[in-house]
**Student:** 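Below you will find the structure I want to go over with you.
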Amino acid sequence: MVGDGHRRAGTPLRAAQDEAGVPPGVWKGRGLAALGLRSGDVVTERQAELLLGEGRHPDADRIERQLLAQGKTPAQARRATVLGRPIEHNRSPKTDKAKERTPWLAFDLVFRPPPTAHLAWALMDDEHRQVLELCDDIARDKTLAWLEESVAQIRWKAGGKQRARVKDGLIFAVFRHYESRATESRPLLHAHAIVSIRARRPHDGKWGNLSADSLMTHIVAADTLYLLYFMEEVTARLGWAWEPREVTPGRRPVMEIAGIDRRLIGWQSTRRQQIEDALPVLTARYEERQGHAPGEKAGYALACQAADQTRPPKRTEVRSLTELRKRWRDSAIRAYGADVIDRLAERARAAAAAVWARVRPVVDTVLAAVDVVAVVYVMRGAFKRHHLLAEARRHLSYVQRGRPHQPGLDEQVVQTVVDDYTRPVGRGRMMTADLRALYPRDTEDQAVLRPLTRKRTVPPYERARLAADALRARAQAVGGTDRPAGRAPEQTTDVDTVNETRRMLAEAALARVLEGARERALLAPGSRPQPAVAAPLPHTQQPGTQQHTPGRSTGGVR
C-alpha cells in the first residue's frame with residue numbers, strides 16, 4: 001500500500017503514501033455494489049484490514065455498532081460482518097488439513113506494460129506520461145472486467161465440487177507503483193490488483209470463496225488481453241505502432257513501441273543483469289551436483305533462485321515521482337546523450353508511419369486459426385481452450401500492431417480452431433490438433449512438418465513457428481476453395497505486406513532448421529527423396545507472455 005518505502009510506526013496511511021511518492025489505492029470491480037462501495041473510492045487502511053486481512057465487510061465497525069445498539073451480543077454482531085466462513089474456523093480442530101489453517105483471503109495480480117512503454121512514460125514530457133498512465137488504467141480495467149465476467153467462478157460444498165459464475169462480480173484493490181526494487185532505481189510503471197477471494201453465490205446470494213484455480217488457469221489469457229488492450233489504447237491516443245523484439249533466441253518475443261531506442265532497455269533492466277550474473281554460478285553448482293546440464297524446469301528454478309539471491313532490500317529514501325523522473329532523465333542523458341532522449345516521441349511517430357506503410361492490420365480468421373492451432377499443438381501437444389485463446393490474442397497483437405481488433409474476434413478464431421482443426425483427447429476437455437483436417441490429402445506438408453515438430457535441439461517455440469508457417473504457406477497456395485476444412489475467410493489479409501516483415505526476421509533460422517530436417521530425412525534408412533517443396537513463408541515470432549525469467553520486464557499480467 002506504500003510501494004517499496006518503509007512506513008514508520010504511527011504514520012497514517014495517506015501520509016505514508018505521500019512520503020513514498022505513490023498514489024492511494026482505489027477500489028474496482030462490480031462486486032463493490034454488494035458492499036456499499038463504488039468503483040474509484042479510495043482504499044482506506046481499515047477497509048483493507050477488514051476485507052483483505054480478516055474476510056469481513058469493509059464497513060464492519062459501523063455495522064457492529066448498529067447491531068450492538070439493537071441488543072445483539074458481541075459474537076452475533078461480529079458474525080454478521082463476516083463474509084463467508086470466519087477465519088477462526090481455519091484455526092480450529094475441525095480443520096484437518098494443514099494448508100487450510102492459514103486463511104487465504106486475497107491474491108495479487110501485477111499489470112505491467114512492455115519495457116519501451118516504461119521508458120516513454122519515464123523520459124518523455126508530462127503529457128505523454130499522463131496519456132500512458134490512462135492507457136494502462138483502461139487496459140487493466142478491461143482485463144479485470146473480462147476476468148470477473150467470463151472467468152471467475154465461486155465454489156461451495158466439500159472440496160469445492162459445486163461451481164458457478166459469481167453473482168455480482170469481483171472486488172479489487174488497485175495500487176499503482178512507479179519504480180523497480182533495484183538498488184539503482186529504474187522506471188517500472190505497474191499496478192497491483194489485489195483480488196478479494198470473497199464473492200457471492202448466484203443461487204442464494206451467500207458469501208463464499210472464489211475458485212482461485214479458475215482464475216490462475218486463465219492468467220496467461222488475461223496477460224495477452226491486457227497487452228492487446230494497452231497496445232490499442234497507445235496507438236489510438238498517440239498514433240504509435242508496435243513491432244516484435246526477441247528477448248531470448250528461440251523464445252517468444254515481446255511487442256515494443258516502434259522507434260524507441262532499444263539500448264535504453266538495457267539501461268532500464270538492471271535487475272536482469274544482476275540475475276544473469278548470478279545464474280552461471282548456480283548452474284555450475286547444479287551440473288557438479290547432478291552430473292548433467294539443467295533442463296527447462298530446472299533452469300527456471302535456478303533463475304528463480306538467482307532472483308531471490310539478488311533481490312535488494314527495500315529502499316528507505318523517500319522520492320516523489322517528479323524527483324524520480326528528473327533522476328531517470330538525467331541518468332539516461334548521461335548514458336546516451338540528450339539527442340536520443342529529447343527525440344523519443346519524434347522517432348516513435350516516424351517509425352509508426354514506416355510500419356503502417358509496410359503492414360496492413362487486417363485478419364484472416366482461417367489463416368489465424370491455422371497459425372494458432374499449429375503453435376499450440378507443437379508447444380503443448382494436448383491443450384485446452386484457454387491455451388488457444390492466449391495464442392489467438394498474441395496473433396492479433398502481432399497482426400494488428402496496435403490497431404483496434406473487432407470485438408470477439410479472438411473468441412471467433414478460437415471457435416474456428418475448435419470446430420475445424422481439433423479432436424478430443426484424454427479427459428478434462430483436453431484436445432489436440434486434427435492433423436487430417438490440417439492436411440487432408442497427406443501432401444508433402446507432412447514431410448516438412450514432422451521433422452520440424454520433432455527436432456528437439458531447436459527451442460519449442462521456434463519449431464512451433466516453423467510448423468505454423470508451413471501450414472500457412474499451404475493454405476495460401478491452395479486458395480479459397482481448397483483451404484483447410486474448406487472454410488472461407490471472413491476478412492481478407494494483405495499477405496505480401498505482413499509476410500515481408502516476417503521474412504526479414506526469421507529467414508536465417510528457418511533455412512537452418514529446414515536444411516537439417518531434409519538432411520536427416522535423406523540419411524534415414526529406407527528413405528526416399530521427397531518432392532520439392534516451396535519453403536514456408538517465414539514468420540516473426542509472435543508476441544505474448546514468453547516463458548518468464550524472473551527479473552525480466554517483458555510486460556503483462558503476473
Side-chain angles (χ1 to χ4, degrees), residues 26-41 51-52 55-58 82-85 100 103-111 138-174 193-226 228-229 383-393 407-415 417-419 424 427-431 557-558:
V26 294
W27 292 109
K28 295 284 184 179
R30 291 189 294 110
L32 294 171
L35 300 177
L37 298 174
R38 294 177 299 177
S39 180
D41 286 350
L51 179 61
L52 305 177
R56 301 170 64 196
H57 194 290
V82 174
L83 307 180
R85 174 183 293 178
E100 293 181 356
W104 185 23
L105 297 175
F107 52 95
D108 182 15
L109 299 179
V110 183
F111 292 79
I138 295 173
R140 183 196 63 235
D141 290 349
K142 285 184 176 181
T143 304
L144 293 176
W146 175 75
L147 284 173
E148 65 179 350
E149 293 170 4
S150 303
V151 174
Q153 292 182 326
I154 192 169
R155 58 182 178 84
W156 65 94
K157 290 192 176 180
K161 295 179 180 179
Q162 296 293 326
R163 300 191 181 195
R165 293 289 170 81
V166 296
K167 180 178 182 179
D168 305 303
L170 304 182
I171 302 168
F172 309 97
V174 179
I194 312 301
V195 186
S196 171
I197 204 169
R198 303 302 199 199
R200 294 212 296 172
R201 302 171 187 166
H203 59 288
D204 58 12
K206 293 183 179 179
W207 289 90
N209 288 346
L210 288 176
S211 170
D213 58 340
S214 298
L215 284 179
M216 293 298 99
T217 295
H218 290 80
I219 195 66
V220 178
D223 172 273
T224 53
L225 182 63
Y226 164 76
L228 181 61
Y229 280 141
F383 46 84
K384 291 187 177 181
R385 188 183 183 93
H386 62 268
H387 299 123
L388 298 172
L389 185 59
E391 191 61 37
R393 288 169 175 170
L409 184 57
D410 50 354
E411 295 281 359
Q412 185 178 332
V413 171
V414 171
Q415 195 60 48
V417 173
V418 173
D419 291 344
R427 299 178 179 179
R429 299 181 181 178
M430 298 294 288
M431 64 186 95
V557 184
R558 297 284 184 269

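Please read these numbers as outputs of a predicted model, since none were measured by experiment.
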**Student:** Do Val166 and Pro202 have side-chain heavy atoms sitting under 4.5 Å apart?
**Tutor:** no
**Student:** When rounded to the nearest 0.5 angstrom, what distance separates CZ in Arg85 from NZ in Lys206?
**Tutor:** 13.0 Å
**Student:** Taking all non-hydrogen atoms of both residues into account, name the closest pair between Ile194 and Ala106 and its distance.
**Tutor:** CG2-CB, 3.8 Å
**Student:** State, with a plain yes or no, whether a side-chain heavy atom of Leu215 is found less than 4.5 Å away from one of Leu147.
**Tutor:** yes
**Student:** Would you name the heavy atoms of Leu144 and Leu109 that are closest together and state the gap between them?
**Tutor:** CD2-CD1, 4.4 Å
**Student:** Is Asp410 salt-bridged to Arg393, cutoff N-O under 4.0 Å?
**Tutor:** yes
**Student:** Measuring from atom CZ of Arg198 to atom CG of Leu210, what distance do you get when rounded to the nearest 0.5 angstrom?
**Tutor:** 10.0 Å
**Student:** Taking atom types as modelled, find out whether Arg163 and Ser211 have a side-chain donor-acceptor pair closer than 3.5 angstrom.
**Tutor:** yes
**Student:** May I ask you to decide whether Glu148 forms a salt bridge with Arg165, counting only side-chain N to carboxylate O separations under 4.0 Å?
**Tutor:** no
**Student:** Quick one: do Arg56 and Leu83 satisfy side chain to side chain contact (heavy atoms under 4.5 Å, CB included)? Show the steps, please.
**Tutor:** CA-CA 5 Å; Arg56 301 170 64 196; Leu83 307 180; 5.6 Å; no
**Student:** With a 4.5 Å heavy-atom cut-off, do Leu52 and Ser196 have their side chains touching?
**Tutor:** yes
**Student:** Between Asp41 (side chain only) and Arg38 (backbone N and O only), is there a donor and an acceptor less than 3.5 Å apart?
**Tutor:** yes
**Student:** Looking at side-chain heavy atoms only, is the closest gap between Met430 and Lys384 below 4.5 Å?
**Tutor:** yes
**Student:** How far apart are the C-alpha atoms of Asp168 and Arg200, what are their side-chain angles, what is the distance that settles it, and do they pass the salt bridge (Lys or Arg N to Asp or Glu O under 4.0 Å) test?
**Tutor:** CA-CA 7 Å; Asp168 305 303; Arg200 294 212 296 172; 2.5 Å; yes
**Student:** Counting N and O atoms only, with roles assigned by atom type, does the side chain of Thr224 sit under 3.5 Å from a partner on the main chain of Ala221, one being a donor and the other an acceptor?
**Tutor:** yes
**Student:** Rounded to the nearest 0.5 Å, what separates atom CZ in Arg30 from atom CG in Leu170?
**Tutor:** 8.0 Å
**Student:** Can you find a pair of side-chain heavy atoms, one from Ile171 and one from Leu51, that are under 4.5 Å apart?
**Tutor:** yes
**Student:** Run the side chain to side chain contact (heavy atoms under 4.5 Å, CB included) test on Lys167 and Trp207 for me, step by step, so that the C-alpha distance in whole Å, both residues' side-chain angles and the decisive distance to 0.1 Å come before the verdict.
**Tutor:** CA-CA 10 Å; Lys167 180 178 182 179; Trp207 289 90; over 6 Å; no
**Student:** Give the ring-plane orientation class for Trp146 versus His218, where under 30° counts as parallel, over 60° as perpendicular and anything between as tilted.
**Tutor:** perpendicular
**Student:** What is the minimum heavy-atom distance between Val26 and Gly40, and which atoms define it?
**Tutor:** CG1-O, 3.8 Å
**Student:** Rounded to the nearest 0.5 Å, what separation is found between the CD1 atom of Ile138 and the OG1 atom of Thr143?
**Tutor:** 11.5 Å
**Student:** Are Leu389 and Glu411 packed together at the side-chain level, in the sense that at least one heavy-atom pair is separated by less than 4.5 angstrom?
**Tutor:** yes
**Student:** Considering non-hydrogen atoms only, spot the tightest contact between Trp104 and Ile197 and give its length.
**Tutor:** O-CG2, 3.5 Å
**Student:** Would you give the length of the straight line joining atom CG of Leu409 to atom CD of Gln412, rounded to the nearest 0.5 angstrom?
**Tutor:** 5.5 Å
**Student:** Specify the closest pair of heavy atoms between Ser214 and Gln153, including all atoms of both residues, with the distance to one decimal.
**Tutor:** OG-OE1, 3.0 Å
**Student:** Just wondering, do Leu35 and His57 contact through their side chains at under 4.5 Å, heavy atoms?
**Tutor:** yes
**Student:** Going through the checks in order, is the side chain to side chain contact (heavy atoms under 4.5 Å, CB included) test met by Arg201 and Gln162?
**Tutor:** CA-CA 10 Å; Arg201 302 171 187 166; Gln162 296 293 326; over 6 Å; no
**Student:** How close do Gly29 and Phe172 get, counting heavy atoms only, and between which atoms?
**Tutor:** CA-CD1, 3.8 Å
**Student:** Indicate yes or no: at least one non-hydrogen side-chain atom of Val417 is less than 4.5 angstrom from one of Arg385.
**Tutor:** no
